[in-house]
Amino acid sequence: MKSYSEFIVSWQENVELWSMFFLVLAFLVFVFYSTGFIVSKDRSKLYDYVSTHEIPAFMNLIVMVSLSITFFANSLLIGEFKTANNFELVIQSIGSLVIGGMFYSVMRVLLKIYYPFYLAKHLKRIRFKPMKSSSGNQMKLLNEDEEDLHLTQEQIEHEEIFAFDYDVWVDEETGEKVVEKYDIHHTNQVCDKCRFRTLRELKEEVEKMPTQTEGGELTKYYKCDYCGHQEEKKKHLSPLNES
């Protein structure tokens with residue numbers, strides 16, 4: 001009995017160490033992501049970084065914290081119920097897995113279903129934060145009609161087929177202009193069926209190639225990560241001689 005007690009003490013010490021190990025990993029994941037967030041000073045690069053890395057980083061964070069909770073719960077159960085045999089150890093281990101699994105499931109749902117709404121607001125704050133020119137003047141963000149005068153035909157077509165989006169900022173006093181390019185492929189859209197922001201682009205196909213005189217047609221395919229709803233959207237491609 002004494003040897004089994006020593007085994008349980010050793011087991012408890014080991015699971016506590018594993019709990020601390022995964023907690024440190026979670027901290028490192030957070031620090032690594034935050035470092036990339038800090039060094040991305042250009043707003044378009046920061047936008048791309050956040051849109052592509054934030055949810056995967058938080059998903060890794062959830063996994064690490066869930067594992068830490070699982071091992072910590074196992075240690076608590078062993079200490080609370082004074083494990084005396086292998087059967088109790090198995091039951092307590094299963095209980096700790098349930099606790100860690102419940103935390104993981106809840107946090108995964110929050111991240112996958114509800115967090116994209118917050119992320120969209122976060123990206124909007126990054127993208128439309130007031131900008132000053134090199135002269136220190138407050139710059140004006142042009143609307144869709146105004147910005148077309150400052151974009152090339154290729155850039156306009158990018159916006160029409162939702163490949164990229166462009167913002168044009170102008171200093172009305174000096175005439176200084178800044179054109180920013182945003183990759184919006186990684187930004188989920190609101191699903192028409194469930195109304196969650198979980199509709200993501202799967203692929204795109206050119207149904208009709210544009211020619212020198214006639215436009216083409218592009219089809220984008222989307223799928224909702226929550227309800228599984230699928231839809232497709234057709235976009236017009238401008239004739240080649242307009243590019």
Side-chain angles (χ1 to χ4, degrees), residues 29-30 33 36-37 40 43-67 69 97-128 143-145 147-148 151 154-167 180-210 214-238:
V29 168
F30 178 76
Y33 170 74
F37 186 89
S40 302
R43 74 171 69 200
S44 60
K45 291 181 179 179
L46 178 59
Y47 181 97
D48 291 341
Y49 179 79
V50 172
S51 64
T52 56
H53 290 86
E54 185 153 297
I55 288 183
F58 284 0
M59 189 68 248
N60 290 333
L61 190 66
I62 289 173
V63 171
M64 298 304 163
V65 173
S66 299
L67 290 171
I69 289 175
L97 286 172
V98 170
I99 293 172
M102 289 177 61
F103 175 83
Y104 170 80
S105 299
V106 171
M107 296 304 296
R108 184 175 181 272
V109 168
L110 292 176
L111 183 66
K112 186 176 181 180
I113 306 304
Y114 297 102
Y115 189 76
F117 285 105
Y118 171 80
L119 180 60
K121 293 179 180 179
H122 186 195
L123 292 172
K124 186 176 181 179
R125 288 194 297 269
I126 293 173
R127 181 174 174 178
F128 300 116
N143 59 38
E144 291 294 329
D145 293 330
E147 72 179 17
D148 285 351
L151 298 178
E154 182 181 17
Q155 290 172 330
I156 293 174
E157 185 173 328
H158 284 167
E159 290 196 325
E160 290 176 349
I161 64 174
F162 299 110
F164 298 100
D165 210 359
Y166 295 88
D167 289 339
E180 295 182 319
K181 178 181 178 181
Y182 293 93
D183 185 349
I184 58 177
H185 280 96
H186 305 287
T187 306
N188 288 350
Q189 300 182 32
V190 176
C191 176
D192 291 335
K193 185 176 181 180
C194 65
R195 307 309 300 171
F196 288 118
R197 188 176 284 276
T198 49
L199 190 70
R200 62 184 177 89
E201 182 181 327
L202 293 178
K203 62 178 181 177
E204 61 182 30
E205 294 180 354
V206 177
E207 303 293 342
K208 180 183 177 182
M209 291 294 295
E214 295 184 358
E217 188 174 75
L218 176 74
T219 302
K220 288 180 173 285
Y221 298 88
Y222 299 85
K223 182 178 180 180
C224 178
D225 286 334
Y226 177 68
C227 68
H229 170 70
Q230 298 186 37
E231 62 180 75
E232 55 186 64
K233 298 179 180 180
K234 297 186 180 298
K235 306 296 177 182
H236 175 73
L237 298 176
S238 301

- Item | Spacing of Met64 atom CE and Phe30 atom CZ [to the nearest 0.5 Å] | 15.5 Å
- Are any non-hydrogen side-chain atoms of Gln189 and Lys233 less than 4.5 angstrom apart? yes
- Item | Under 3.5 Å donor-acceptor, Arg43 side chain and Arg127 backbone | yes
- Minimal non-hydrogen separation, Leu119 against Glu54, with atom names: CD1-OE2, 3.5 Å
- What one should report as the nearest heavy-atom pair of Pro116 and Ile55 is CG-CD1, 4.5 Å
- What is the distance from atom CD of Gln230 to atom NZ of Lys223, rounded to the nearest 0.5 Å? 5.5 Å
- Phe164 atom CZ: more than 12 heavy-atom contacts under 6.0 Å: yes
- Message: Is it true that, when you exclude Tyr182 itself, more than 12 heavy atoms of the residues, nucleotides or ligands shown sit nearer than 6.0 Å to its OH?
- Response: yes
- State, to 0.1 Å, how close Thr219 and Lys234 come at their nearest heavy-atom pair, and which atoms those are. OG1-NZ, 3.2 Å
- Query: Once you round to the nearest 0.5 Å, how far does CG of Asp167 lie from CD of Glu144?
  - Reply: 8.0 Å
- Closest non-hydrogen atoms of Tyr104 and Val63, given as atom of the first, atom of the second and distance, are CE1-CG2, 3.9 Å
- Taking all heavy atoms of Ser44 and all of Lys181, pick out the closest pair and write down the distance. CB-O, 3.5 Å
- Cationic N near anionic O, under 4.0 Å, Lys112 to Asp225: no
- Under 4.5 Å between any side-chain heavy atoms of Asn188 and Phe117, yes or no? no
- Message: Quick check: do Tyr221 and Glu205 have side-chain heavy atoms less than 4.5 Å from each other?
- Response: yes
- Query: Between His53 and Tyr49, is there a donor-acceptor pair closer than 3.5 Å when you use the side chain of the first and the backbone of the second?
  - Reply: yes
- Message: Testing the basics here: between Phe103 and Ser66, what is the closest heavy-atom pair and its distance to 0.1 Å?
- Response: CD2-OG, 3.3 Å
- Message: Between Val65 and Met107, is there a side-chain heavy-atom distance shorter than 4.5 Å?
- Response: no
- About how many Å separate NZ of Lys203 and CD of Glu232, when rounded to the nearest 0.5 Å? 10.0 Å
- Check: Ser51 side chain, Asp48 main-chain N or O, donor-acceptor pair, under 3.5 Å: yes
- Item | Gap separating the CD1 atom of Ile62 from the CZ atom of Arg108, nearest 0.5 angstrom | 9.5 Å
- Message: I'd like to check the salt bridge (charged side-chain N to carboxylate O under 4.0 Å, His left out) partners of Glu147; sequence neighbours left out, ordered by chain and number.
- Response: none
- Item | Between CD1 on residue Ile156 and CG on residue Asp148, distance to nearest 0.5 Å | 4.5 Å
